[in-house]
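No experiment lies behind these values; they were computed from the predicted model shown.
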Amino acid sequence: MSALAVSTAAGTLAARLVRIVDDARIEAIVQTGCAHLDLTRELLALGPPVTAIDVRPEAVAALRHGLGPDAAAVRFVQGPPGRVLADLRCQLPARTLYVFGHDTPAGESARDEIFWVPRGAGAIVVLPRRAGVGLAGVQDQLLRWSPDHHVEWHVTNDGGPALVALPRPSVHVTFLIEKYTHEYGTSGPSINLDNLVATLAATGCASWNVVHYDECFHEGRAIPLEQLVKPAHADVHVLACTLHYHSRANPRVPLLEQVKATGSRVAFFWLDKKISQDTPDYARVADLNVVLDGNDFDLPNAWPVFTPKNPRFFHDPGLPRDIDVSLVGEVRYLSQRKAMVERLERESRIAVQRFGTSAADTGRALSVAEYARLYQRSRISLAMTKDRTRQLKGRVFEILHCGAMLLCDVNHHVSHYLRAGVEYVQYADYEELVAAAAYYLAHEAERAAIAAAGHRRVVTHYNHEVFWRSLLARLRGSATAWHEGN
């Protein structure tokens, strides 16, 4: 009788292993415990070469004899499985399927064996002999070994449990984005290179490449389709696109549809959706519309979310905070901000230092590191988020990542992420702004406590790792999403 042939919601475990070998592109199989001849035969039938390990010489000899001519396809190793696995770590490929503990009495040894498996692309099947004995420890070890793996439960033909830990798919992201902030070659590099490309690179969640559509347009050449489609090494491919408003260089929707037709998924990033022109064709082609400036679900497949920030620059290095109140950002196009700035420049109750630059500064008067340092030196930093409509500005997260206290106008998008009075302070009008700034400058312990709480919130919940892992999971780039769909 098959060692694994029991029907479950996902079919038989044996059939599941066939799909795992294919989906995870397994290159080798390791079996510990040589007492079950039928199991070894089923593993051989999966295709990749099998290594069988057992501390008992008689068990190794019996398995070799039972396999007959098939024994030539198996590598037999006699010794304690944990020690053997430690010795084989450098010899086995990353894409190895490990099958542990079919004849162990309680599953405790399986925990030790898991410890010696390198974290990576491999898969693990644990088959303790008796249900309910030692399983909590085994599952705990699997979670500590790799929280990114997807764990499934199955049942073998003798009624015993089987735990299967499956790896994340190989993910590749192609960024189809602008190279420059404003006009090609006449302004600073696009902030999307830092907010999007650099933050993904910092996670290590995916490989990536960048194609600049404005560069192609201004050089008079077509956007290279071969650089937009899924590379051979990837299981999941995401085309991450931005739209540079009012630009003739924007990629056309038919190109995105052509890439999508090859099996890639399209994620469209909306940077100023609330104040931009309506472009419904781009929204419709996207598998995921990532809305970075608000919490509204007014697009198909919408995902409103915070703007990720590069931890290389936006962090708190513990610099002396020699700027009492900072106001950072351009005011050229924003009437509300202009009016507030004019009053603040004449204000005598608090001293506000204004820096007319931003992370998306078209002139790049400051580098991103220099720009972030303004927040790192500030005790309080102001955010003004409304002009024609309120937006969720990336500046909100920049300030908090750098450890300053955020003083922000009343904004329901901001209060969706942060607790007013606990993690930041809000004001309704000019007089409330001045009063709040004056109060917290005079009460340093309260200011520092709110700044620290806001910093903890963004570092823990609104960081680049959370952003990219969540985005990729929505596009089948996590272990659970990938394997449950296969």
Novice: So which atom in A383 and which in I399 form the shortest heavy-atom distance, rounded to 0.1 Å?
Specialist: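 Looks like CB-CD1, 4.4 Å.
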
Novice: Can you tell me how far apart CD (E398) and CG (L406) are? Round to the nearest 0.5 Å.
Specialist: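 If we round to the nearest 0.5 Å, E398:CD and L406:CG are 11.0 Å apart.
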
Novice: Mark yes or no: R343 above the aromatic ring of Y430, with NZ or CZ under 6.0 Å from the six-membered ring centre and no more than 45 degrees from the axis.
Specialist: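 Relative to the ring axis of Y430, which defines the angle, R343 lies inside both limits.
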
Novice: Are side-chain heavy atoms of L472 and C205 found at a separation under 4.5 Å?
Specialist: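 Counting from C-beta outward, L472 and C205 do come under 4.5 Å.
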
Novice: Look at the side chain of Q353 and the backbone N and O of S378, then say whether any donor-acceptor pair between them is shorter than 3.5 Å.
Specialist: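 Not confirmed, Q353 side chain does not pair with S378 backbone.
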
Novice: List the residues meeting side chain to side chain donor-acceptor pair (under 3.5 Å) with Q426, not counting sequence neighbours, and say none if there are none.
Specialist: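 Partners of Q426 by the side chain to side chain donor-acceptor pair (under 3.5 Å) criterion, ordered by chain and then number, come out as Y424.
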
Novice: Quickly, which of N192, V211, D214, V210 forms a side chain to side chain contact (heavy atoms under 4.5 Å, CB included) with K179? Name it, please.
Specialist: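 It is D214, the one option of N192, V211, D214, V210 that forms the side chain to side chain contact (heavy atoms under 4.5 Å, CB included) with K179.
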
Novice: Under the side chain to side chain donor-acceptor pair (under 3.5 Å) rule, what do D235 and S170 come out as? Steps first, then yes or no, please.
Specialist: CA-CA 5 Å; D235 299 314; S170 173; 4.9 Å; no

Novice: Go through it in stages, so that I can follow the logic: the residues are R16 and E152, the test is side chain to side chain contact (heavy atoms under 4.5 Å, CB included), and I'd like the CA-CA distance, side-chain angles, deciding distance and then a yes or no.
Specialist: CA-CA 10 Å; R16 185 68 175 118; E152 298 177 349; 2.8 Å; yes

Novice: Between Q139 and W153, is the side chain to side chain contact (heavy atoms under 4.5 Å, CB included) condition met? List the steps.
Specialist: CA-CA 10 Å; Q139 187 168 18; W153 284 82; 3.6 Å; yes

Novice: For the rings on F355 and Y371, is their centre-to-centre separation under 6.0 Å?
Specialist: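 No, too far apart.
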
Novice: Under a 4.0 Å threshold between the charged nitrogen and the carboxylate oxygen, would R349 count as salt-bridged to E431?
Specialist: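 Counted as a salt bridge, because a side-chain N and a carboxylate O are separated by less than 4.0 Å.
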
Novice: Between W303 and N289, is any pair of side-chain heavy atoms under 4.5 Å apart?
Specialist: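 Result no, sub-4.5 Å side-chain heavy-atom pair not found.
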
Novice: May I ask you to say whether D322 pairs ionically with R377, meaning some side-chain N is under 4.0 Å from a carboxylate O?
Specialist: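 Looking at D322 and R377, the cut-off is met.
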
Novice: Testing V341, L433, V328 one by one against L382 for a side chain to side chain contact (heavy atoms under 4.5 Å, CB included), which residue passes?
Specialist: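 It is L433, the one option of V341, L433, V328 that forms the side chain to side chain contact (heavy atoms under 4.5 Å, CB included) with L382.
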
Novice: Without placing hydrogens or testing angles, list every side-chain donor-acceptor pair under 3.5 Å for residues 115-126, not counting sequence neighbours.
Specialist:
{"residue": "R119", "atom": "NE", "partner": "W145", "partner atom": "O", "Å": "2.4"}
{"residue": "R119", "atom": "NH2", "partner": "R144", "partner atom": "O", "Å": "3.1"}

Novice: SG of C402 to CZ of F314: how many Å apart, nearest 0.5 Å?
Specialist: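 Those atoms lie 6.0 Å apart.
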
Novice: Between the side chains of R321 and D316, is the shortest nitrogen-to-carboxylate-oxygen separation below 4.0 Å, so that they form an ion pair?
Specialist: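 Answer for the salt bridge query: yes.
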
Novice: Is the number of heavy atoms from other residues, nucleotides or ligands within 6.0 Å of CH2 (W208) greater than 12?
Specialist: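 Not buried by this count: 12 neighbours or fewer within 6.0 Å.
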
Novice: In Å and rounded to the nearest 0.5 Å, what is the CZ to CG distance from F297 to N295?
Specialist: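 F297 atom CZ to N295 atom CG measures 8.0 Å (nearest 0.5 Å).
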
Novice: What is the distance from atom OG1 of T460 to atom NE2 of H455, rounded to the nearest 0.5 Å?
Specialist: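 Reported to 0.5 Å precision, the distance equals 8.5 Å.
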
Novice: Strictly by salt bridge (charged side-chain N to carboxylate O under 4.0 Å, His left out), give each pair with a member in residues 195-204 just once, sequence neighbours left out.
Specialist: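 Applying salt bridge (charged side-chain N to carboxylate O under 4.0 Å, His left out) to every pair that reaches into residues 195-204, excluding sequence neighbours, yields nothing.
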
Novice: Decide, yes or no, whether a salt bridge links K260 with D287 under the criterion of side-chain N to carboxylate O below 4.0 Å.
Specialist: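 Here K260 pairs with D287 in a salt bridge, since their nearest N and O are under 4.0 Å apart.
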
Novice: Can you confirm whether or not the ring centre of H172 sits under 6.0 Å from the ring centre of H233?
Specialist: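 They qualify: ring centres under 6.0 Å apart.
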
Novice: Quick one: do L392 and F397 satisfy side chain to side chain contact (heavy atoms under 4.5 Å, CB included)? Show the steps, please.
Specialist: CA-CA 9 Å; L392 182 66; F397 302 98; 4.0 Å; yes

Novice: Donor-acceptor check, side chain of E370 to backbone of S367, threshold 3.5 angstrom: yes or no?
Specialist: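 Checked: pair present.
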
Novice: Distance from H218 atom NE2 to S247 atom OG, nearest 0.5 Å?
Specialist: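 It is 6.0 Å, given to the nearest 0.5 Å.
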
Novice: Donor-acceptor pair, N310 side chain versus N195 backbone, under 3.5 Å?
Specialist: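 It does not hold such a pair.
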
Novice: Nearest 0.5 Å, please: how far is OG1 in T480 from CZ in R168?
Specialist: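 Reported to 0.5 Å precision, the distance equals 11.0 Å.
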
